[in-house]
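Here is the naming used below: chain letters follow the sequence lines, and residue numbers restart at 1 for every chain. Please read all numbers here as calculations on a predicted model, not as lab measurements.
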Protein chains: 2
Amino acid sequence: MAGRSYGQYCGVSTALELVGERWALLIVRDLLVGPRRYTDLKQGLPRIPTNILATRLKELQAGGVVRRVPLAHCGLVYELTAYGRELEPIVQALGRWGFRSMGDPEEGDVVTGDSLTMALRTAFRPEVAAVLPPTTYQMHVGPVVLRARVAGADLHVAQLTPAAPPVSGPVPGDAPDLEFAAGPGIRRVISGELTPSVAIGDVVRVISGDPTLLERFALTFHIDPEGTST
Amino acid sequence: MAGRSYGQYCGVSTALELVGERWALLIVRDLLVGPRRYTDLKQGLPRIPTNILATRLKELQAGGVVRRVPLAHCGLVYELTAYGRELEPIVQALGRWGFRSMGDPEEGDVVTGDSLTMALRTAFRPEVAAVLPPTTYQMHVGPVVLRARVAGADLHVAQLTPAAPPVSGPVPGDAPDLEFAAGPGIRRVISGELTPSVAIGDVVRVISGDPTLLERFALTFHIDPEGTST
DNA sequence: CCGGATCCGAATCGATACTG
DNA sequence: CAGTATCGATTCGGATCCGG
């Protein structure tokens with residue numbers, strides 16, 4: 001194993017030995033949304049080989065980043081330790097930094113519920129949201145359906161995607177103020193390259209609610225492609 | 001190349017495709033200190049295979065992170081683009097996060113001038129330094145010699161290590177207020193596990209100047225091992 | 001010396017299949 | 001559901017070599 005070490009006594013190289021291997025930070029990204037079972041992770045990372053996932057989870061446990069928690073009645077989940085959760089600002093900063101290098105999606109690229117949830121949390125501007133009225137957005141991106149409830153400086157994202165609708169009553173929470181389906185171009189709305197009004201009908205299709213609320217959405221969720229916001 | 005893609009349309013995976021490969025962020029770390037020539041990078045990353053270094057530099061250029069700059073009279077240097085420099089807070093955050101997992105150095109681990117320079121910049125607390133008198137520290141860690149000049153909220157680190165001493169006059173700048181040699185245990189001073197007075201004679205050997213200035217050093221450069229500071 | 005390119009064995013990764 | 005096992009395709013690591 002000495003061959004895998006960077007051979008430096010340094011915080012950065014130590015960090016990279018813990019979470020710098022291929023796929024590791026994407027596993028962390030998904031676990032930042034919540035505890036996940038092995039199968040959930042595999043589904044959220046469609047291209048990860050199963051043996052790599054198993055190996056990474058063992059390494060992350062050995063590094064004190066992830067914990068394996070047997071569930072009461074069925075199966076088990078992986079969850080981040082407190083130490084692992086401290087990676088959230090780093091993962092978000094990486095997401096912000098990588099944001100402006102995302103071109104258009106490659107053939108076969110997917111958007112997952114967890115990645116979109118983290119993207120929303122990354123783009124969320126609490127100080128802007130705080131001065132806007134509480135709003136619930138429901139968005140469809142490909143097969144993913146998310147509900148983002150913004151109230152004051154707080155954001156709560158729920159994934160409705162693979163959930164079988166409960167027999168009685170609609171989805172949890174109140175009805176969304178705005179429901180829309182977005183293509184990949186939603187990225188340009190988040191970055192401000194595209195104004196919401198232009199986006200409507202092009203990359204955004206409003207399903208229900210007041211279309212002008214898309215403006216509020218763009219104010220609430222924003223990533224400046226120039227690094228001005230750090 | 002499609003086999004190397006994470007297959008996700010997401011800022012984090014995009015970032016990891018740019019700087020997530022092995023060694024890439026350590027190259028960035030060294031370039032954050034300043035432009036470096038190929039040979040400098042190779043020396044600062046003693047364990048990197050030369051073909052990997054060449055490959056990474058090409059990939060980082062293709063990603064717009066690094067630029068290749070021919071020098072006027074001799075050779076050329078690599079330097080970060082503006083986009084690459086935006087990785088500084090991320091590299092620092094990784095260094096802070098990894099800091100508390102650094103055990104004692106493994107056999108063969110090295111400390112380089114660039115890694116120590118970044119470590120100092122990472123541990124530097126401008127708001128604390130601002131209320132302390134200007135101070136110049138000169139530290140020896142293994143073969144590395146660094147001079148850190150703290151003035152108000154500003155820090156300037158110079159590497160004296162491999163520099164042939166100029167024929168006339170001493171090293172640049174004024175004489176250090178405190179000069180000391182530190183072992184790996186200096187880490188415990190930075191983290192506050194060890195008080196400066198205890199450290200003296202154990203992990204720190206004062207060469208010249210007032211030994212009580214080590215206290216000021218520990219106040220100026222500090223990384224809280226608990227994630228309280230984020 | 002600087003800035004790599006080349007070659008080769010060892011380790012890892014990726015894809016698929018299989019099991020308790 | 002939660003992984004192992006297997007195996008070819010890549011990549012990594014170490015060393016050497018080469019043109020300026």
Side-chain angles (χ1 to χ4, degrees), chain A residues 1-8 13 16-27 30-31 35-62 66-79 108-110 162, chain B residues 1-8 13 16-17 19-27 30-31 35-62 66-79 106 108-110 162-164:
Chain A
M1 272 287 171
R4 301 277 331 143
S5 163
Y6 290 106
Q8 306 214 171
S13 57
L16 291 176
E17 276 160 20
L18 289 174
V19 296
E21 299 291 299
R22 203 164 162 71
W23 292 105
L25 276 180
L26 291 181
I27 294 171
D30 283 8
L31 290 180
R36 291 290 180 264
R37 32 180 84 214
Y38 189 89
T39 318
D40 299 332
L41 291 169
K42 201 164 80 150
Q43 280 207 354
L45 275 0
R47 300 262 268 251
I48 196 175
T50 161
N51 56 343
I52 297 293
L53 176 55
T55 303
R56 289 295 169 270
L57 285 171
K58 270 179 241 163
E59 291 165 353
L60 290 170
Q61 283 173 77
V66 159
R67 187 170 28 227
R68 193 178 194 265
V69 181
L71 242 42
H73 297 291
C74 48
L76 55 92
V77 294
Y78 294 90
E79 67 177 19
D109 276 6
V110 298
Chain B
M1 269 286 170
R4 299 287 315 152
S5 163
Y6 289 106
Q8 307 215 172
S13 58
L16 291 176
E17 276 161 19
V19 296
E21 298 291 298
R22 204 163 161 71
W23 293 105
L25 275 179
L26 292 181
I27 295 171
D30 283 8
L31 291 179
R36 292 288 182 266
R37 35 180 80 215
Y38 188 88
T39 318
D40 299 331
L41 291 169
K42 202 162 78 148
Q43 280 206 354
L45 275 0
R47 301 262 267 252
I48 196 176
T50 161
N51 56 342
I52 298 294
L53 177 55
T55 303
R56 290 294 171 271
L57 285 171
K58 269 179 242 164
E59 292 165 352
L60 290 171
Q61 284 172 76
V66 159
R67 184 169 29 224
R68 192 179 196 263
V69 181
L71 243 41
H73 298 291
C74 49
L76 54 93
V77 293
Y78 294 90
E79 68 177 19
E106 303 285 318
D109 276 6
V110 298

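Taking the screw axis at each terminus of the helix from C:dC1-D:dG20 to C:dG20-D:dC1 from five consecutive base pairs, the angle between the two is 30° to within rounding of 10 degrees.
Judged by the 6.0 Å distance and 45° axis criteria, B:Arg22 is positioned over the aromatic ring of A:Tyr6.
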Review item, nucleotides 1-5 of chain C N/O atoms under 3.5 Å of protein N/O:
from  : atom 1 : to      : atom 2 : distance (Å)
C:dG3 : OP1    : B:Leu76 : N      : 3.0
C:dG3 : OP1    : B:Leu76 : O      : 3.0
C:dG3 : OP2    : B:Tyr38 : N      : 3.4
C:dG3 : OP2    : B:Thr39 : OG1    : 3.2
C:dG4 : OP1    : B:Arg68 : NH2    : 2.7
C:dG4 : OP2    : B:Arg68 : NH2    : 3.2
C:dG4 : OP2    : B:Tyr78 : OH     : 2.3
C:dA5 : OP2    : B:Lys58 : NZ     : 3.4

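Per the geometry, CD belonging to A:Glu21 stands 15 Å off P belonging to D:dT11, to the nearest Å. In this structure, CD1 of A:Ile27 is placed 13 Å from C1' of C:dC13, rounded to the nearest angstrom. For the pair B:Leu53 CG and D:dT11 C1', the computed distance is 16 Å after rounding to whole Å. Atom pair A:Ile52:CD1 and D:dT10:C1' shows a separation of 12 Å (rounding to whole Å applied). Atom pair A:Glu59:CD and D:dG3:P shows a separation of 14 Å (rounding to whole Å applied). Atom pair A:Leu71:CG and D:dC1:P shows a separation of 13 Å (rounding to whole Å applied).
Contact check, A:Arg22 against C:dG14: a side-chain N or O comes under 4.0 Å of OP1 or OP2. Between A:Trp23 and C:dG14 there is a side-chain N or O to OP1 or OP2 distance below 4.0 Å. Regarding contacts with the backbone of D:dC12, a side-chain N or O of B:Arg56 is found under 4.0 angstrom from either OP1 or OP2.
B:Ile52 CD1 to B:Leu57 CG: the interatomic distance, rounded to the nearest 0.5 Å, is 11.0 Å. To the nearest 0.5 Å, atom CZ of residue B:Arg56 and atom CG of residue B:Leu25 are 11.0 Å apart. Atom-to-atom distance recorded for B:Leu76:CG and B:Arg68:CZ is 5.0 Å, nearest 0.5 angstrom.
Of all non-hydrogen atoms in A:Leu41 and A:Tyr78, the two that sit nearest each other are CD1-CD1, 4.4 Å. Contact detail for A:Val19 and A:Ala24: the closest heavy-atom pair is O-CB, 3.6 Å.
Annotation for A:Gln43: atom CD does not count as buried by contact number, only 12 or fewer foreign heavy atoms lying within 6.0 Å.
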Checklist entry - Would B:Leu45 and A:Gln8 satisfy side-chain contact (heavy atoms from CB on, under 4.5 Å), going step by step from the backbone distance to the final call? => result CA-CA 8 Å; B:Leu45 275 0; A:Gln8 306 214 171; 3.4 Å; yes

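B:Glu79 and B:Arg36 are not joined by a salt bridge, as no carboxylate oxygen comes within less than 4.0 angstrom of a charged side-chain nitrogen.
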